[in-house]
Every structure is written in structure tokens, then in C-alpha cells.
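Small disclaimer: the values here were computed from a predicted structure and weren't measured.
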Amino acid sequence: MTFPYVVRRGDTLHRVARRYGMNVTALYGANPHLKEHSYLYPGQIVHIPVRTASRYVIQAGDTLWDLALRFNMSLAELQAANPDADPRRLRIGQTIVLPVSKGLSIVETDAEYGYAELKDDLDRLLATYPFLEITVIGQSVLGKDIPAVRIGNGPREVHYNGAFHANEWITSLLLMKFIEDYASAYAGRKPLRNRDMTALYEQSSLWVVPMVNPDGVELVQQGVTPGHPYYKDLLRWNYDSQQFSRWKANIRGVDLNDQFPAHWEAERDRREVTGPGPRDYAGPAPLSEPEAQAIEAFTRGRSFRLVMAFHTQGREIYWNYRGLEPPEAEEAARRLAKASGYRAVKLSGSDAGYKDWFIQEFGRLGFTIEAGTGINPLPIGQFPQMYDEAVGIMLEGLKL
């Protein structure tokens, strides 16, 4: 037995499944035709399997908050599964959905992670851990805010970022899960991986920009419809394909990690990509794109001891740039490699990246972290191992 659901703007298979407390496999079972298409579109009908065990009839005195506690789930999960239920006006006899929950954790790590999830999780993290600081460093081409999160109040400033490349959205999830684990450990005065997080909080200030390229991430996960302002251009740049899973660039077809004034011309000429496309187009000039401008201005506005740009894949750490890196860079990379099991690699023949620019401009520690293995976008099933390795790098970075 199923009931119909009308797809809304911004829906993906994973978001619909999460809303109704099931996995994507269950949705495919009720909608076998969905396997033939990568994306949902507004107005499309999706059939939702009815599971009587996942429903609850409201009793006198019930509130969503009490029910979330009773059934060991977050309030946000319960609200997401019941978007039409007014939490201030629950009716006795009303039936609500009880989603399958992973417990009271905020950042869910078993489904694709996009801009909508990022915004919701940031709101929930701030409500749970008010010592976090969240600010906006700029906007994307399409006007989406690019948020930054600060945790810690120490004098040693450190910066991590993710999702420069659209189909590497899993790096945003790595960073957001680390923020939650760090905040939870600090609030509970508990260690994280045997590290004293209270001491790290007082010694360092970690600034995280989890998603540099929100427009591109949405394109990878949601595709494009005729109402999109770049619809015709994107199809042309993507060789008339409606499949955008391999897209790395921003919404204007510019590779944001080839945008920085660190021998930009050399990288442009090496790439030999002369116009917008899924990857490797360096743009018409350095810092032509608002996302690159935002991260550049943000970096100039702080005094970061080190930066890390998280990418996928390869399980490698790049630590040098044209001999401009500080003397301690190689040893620092070895420490990060030991903490993660990754290889520290001395890279050549690459320019114009964020890490390259930071080393050239400031002469301080800069790293590109290539997490995981495989073909981008990496499967979400790889996340537990990726996080287990990456969290060692993130913790060590606070000590370097």
C-alpha cells in the first residue's frame, strides 16, 4: 500500500526518503521507474510505501518534543517527517509519521549531503551548542549564503574547507560531522579520539567553511529544469547531457580550485580548457567567481596558522608549492599522514589552487587533503572509513 507524494522544488530521492523515515531502496521498490532517472522534478508523483509500524496517534498532552525524546529521535527528524503538522496545534487523534532515526545526533551520515541539509544542520547545531559562531562569508553565483563556523576561542587560528568541487560534496559531510563531534565532546567535557577537546578549544580557533560551492552541489544532486537561469547554458556546457553527477565546477562552469592568483596563467594553459564546462576551466581571470572571491577575502581577513582544503579522492596529502612552503611543512605532512594512514605527497605541475595561493601569499602551512578512493562522487557507504581517517587529520591540524 502506498500514498502519493508531489515532489517539491529542492527534493531529492534521499530527502524524500528521509522525510518519511525510510531508505532509498524502499522508494525504488514502490517506484521502479525512478531507477531510470537520476533526478526528481517539481510536480512529479512519487509513491510512498505505508508502514503502519512507523505511525503514531496523538494522545492528550503530546508534544513533538516529548515524542522525539520518547522515541529517541531528534525534533528536527520528527518535524521533517511531518511537514504539515503544526507543532503548536497537535490534534488528539491526529496521525503522525515516526521516522527511522539514527538517534539524537544532528548530522546524518548515511545519505547524500546538500545545501538544504547543511543549512538545517547549522541551525540545529547552533541551537544545541550556542558557543558555536556562525557567519556568512559571501554568496554564490545564484545568491546562496556561504556559511563559516567557528569553534574554539584560542589564539591559534586554523581553517578547514570543503566542496570546492561540486561532486565532492561528501567533504562537507566530513567537516560537519567533525564540528558536531567536537562540539559534543567539548560540551560534555569528554575527549575525542583521546584528545582533550577543552584544551584544544582554549588553544585554537577553528574556522570551517563546509561548502564553498553550494550551487554546484545542488546541480550534482538535483539536476536542472527549464526554469533554472542557466538551463540552456548548463546543458550546452555538459555536452547536452542531463546527467550532472560528474560536475565539479560552479554554476557558471568554472573550476573554483583553479581560480587563485598563484601562477594562474600556467594552470590555465596546462588545462587547455578554453570555456565553461564540468571541470578544469580556470575562468576568464583569477578570482572571477564570487565563491573564490569570498574564500579569498575571508582568508585575508583572518590570521590562519594553517589551512586545509578537503577534496576527494586518493587518500593523499599535498603539502608543498613551488618551494614556497615553510621549512616545517614536510614534517607536518608526515604527522598528518601518520594520524590518518594517508600518503604525504610532494606535488609538482599544479597551480592556482587555494592551498597553492595560501602558501605563496602567506608562507604558512597549507594542505590539500584527498579523502577516500574511487570515482567521484564517492558512495556514501564509504563515509565511515573516510571519517575515521579524516578525523585524525582534523584533530592533528589543531595541534600543528
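Residues Tyr56 and Asp62 have side chains that bring a donor and an acceptor to within less than 3.5 angstrom of each other. Looking only at atom types and distance, the side chain of Tyr318 has no donor-acceptor partner in the side chain of Ser350 under 3.5 Å away. Side-chain contact check for Tyr115 and Asp215: no donor-acceptor pair (N or O, by modelled atom type) lies under 3.5 Å. Checked by atom type, the side-chain pair His311/Glu370 shows no donor-acceptor distance below 3.5 Å. For the 3.5 Å distance criterion, the side chains of Asn213 and Glu291 fail to qualify, holding no donor opposite an acceptor. Side-chain atoms of Thr12 and Glu112 form a donor-acceptor pair, as typed in the model, at a separation below 3.5 Å. A donor-acceptor pair shorter than 3.5 Å cannot be found between the side chains of Arg156 and Ser205.
A side-chain donor-acceptor contact under 3.5 Å links Glu180 to the backbone of Val107. Of the possible polar contacts, none joining the Trp237 side chain to the Tyr239 backbone as a donor-acceptor pair under 3.5 Å is found. Between the side chain of Gln382 and the backbone N or O of Thr373, at least one donor-acceptor pair lies under 3.5 Å. Remark: the backbone N or O of Glu168 is paired with a side-chain donor or acceptor of Thr171 at under 3.5 angstrom.
A 6.0 Å sphere centred on CZ of Arg343 holds no more than 12 heavy atoms belonging to other residues, nucleotides or ligands.
Residues Val345 and Leu365 are members of separate hydrophobic clusters, defined by side-chain heavy-atom contacts under 4.5 angstrom among Ile, Leu, Val, Met, Phe, Trp and Tyr. Taking hydrophobic clusters as Ile, Leu, Val, Met, Phe, Trp and Tyr residues chained together by side-chain heavy-atom distances below 4.5 Å, Tyr160 shares a cluster with Tyr113.
Atom CG of Asp145 sits about 10.5 Å away from atom CG of Leu118, to the nearest 0.5 Å. Atom-to-atom distance recorded for Ser172:OG and Glu117:CD is 10.5 Å, nearest 0.5 angstrom. Atom CG in Leu64 sits 9.0 Å away from atom CG in Asp86 (nearest 0.5 Å). The CG atom of Leu398 sits 5.5 Å away from atom CG of Leu206, with the distance rounded to the nearest 0.5 Å. For the atom pair CG (Asn82) and CG (Leu98), the distance works out to 7.5 Å, reported to the nearest 0.5 Å. Taken from CH2 in Trp169 to CD1 in Ile380, the straight-line distance is 4.5 Å, to the nearest 0.5 Å.
One finds a salt bridge joining Arg195 and Glu396 here, because a Lys/Arg side-chain nitrogen approaches an Asp/Glu carboxylate oxygen to under 4.0 Å. Under a 4.0 Å N-O distance rule, the pair Glu265/Arg268 does not qualify as a salt bridge. One finds a salt bridge joining Arg315 and Glu389 here, because a Lys/Arg side-chain nitrogen approaches an Asp/Glu carboxylate oxygen to under 4.0 Å. Using a 4.0 Å cut-off between charged nitrogen and carboxylate oxygen, Arg271 and Asp280 count as a salt-bridge pair.
The aromatic rings of Trp207 and Phe298 sit perpendicular to each other, their planes meeting at more than 60°, with 30° as the lower class boundary. A parallel orientation is assigned to the rings of Phe304 and His159, their planes being inclined by less than 30° (bins at 30° and 60°). Using cut-offs of 30° and 60° on the angle between ring planes, the pair Tyr387 and Phe383 is parallel.
Of the listed residues (Lys119, Lys144, Arg15, Arg9), just one forms a salt bridge (Lys or Arg N to Asp or Glu O under 4.0 Å) with Glu218, and that residue is Lys144.
The heavy-atom pair separating Pro49 from Ala30 by the smallest distance is CG-CB, 3.7 Å. Of all heavy-atom pairs between Phe131 and Ala187, the closest is CE2-CB, 4.0 Å.
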**Report entry** Audit row: Glu325, Lys355, salt bridge (charged side-chain N to carboxylate O under 4.0 Å, His left out) steps and yes/no
**Finding:** CA-CA 10 Å; Glu325 64 280 353; Lys355 174 267 293 178; over 6 Å; no
**Report entry** Intermediate values then yes/no, salt bridge (charged side-chain N to carboxylate O under 4.0 Å, His left out), Asp233 and Arg252
**Finding:** CA-CA 8 Å; Asp233 290 330; Arg252 289 201 292 226; over 6 Å; no
Requested in this report: Determine, stepwise, if the pair Tyr41 / Asp11 fulfils side-chain hydrogen bond (donor to acceptor under 3.5 Å, both in side chains).
Outcome: CA-CA 8 Å; Tyr41 55 86; Asp11 277 343; over 6 Å; no
**Report entry** Full working for side-chain contact (heavy atoms from CB on, under 4.5 Å) between Ile295 and Phe260
**Finding:** CA-CA 10 Å; Ile295 201 78; Phe260 292 87; 3.4 Å; yes
Requested in this report: Applying side-chain contact (heavy atoms from CB on, under 4.5 Å), run through Trp357 and Gln259 and close with a yes or a no.
Outcome: CA-CA 10 Å; Trp357 168 78; Gln259 265 277 285; over 6 Å; no
Requested in this report: Give the intermediate values and the outcome of side-chain hydrogen bond (donor to acceptor under 3.5 Å, both in side chains) for residues Gln243 and Ser241.
Outcome: CA-CA 5 Å; Gln243 176 54 254; Ser241 172; over 6 Å; no
Query raised in the report: Which is it for Arg193 and Asp181 under the salt bridge (charged side-chain N to carboxylate O under 4.0 Å, His left out) test, yes or no, and what are the steps along the way?
Result: CA-CA 10 Å; Arg193 301 290 178 93; Asp181 286 351; over 6 Å; no
Report task. Might you work through the side-chain hydrogen bond (donor to acceptor under 3.5 Å, both in side chains) test for His263 and Asp356, ending with a clear yes or no? Result -> CA-CA 9 Å; His263 294 271; Asp356 306 330; over 6 Å; no
**Report entry** Worked check of side-chain contact (heavy atoms from CB on, under 4.5 Å) between Ile179 and Tyr129
**Finding:** CA-CA 10 Å; Ile179 291 170; Tyr129 305 109; over 6 Å; no
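Both the sub-6.0 Å distance and the 45° axial angle are satisfied by Arg189 relative to the ring of Tyr186.
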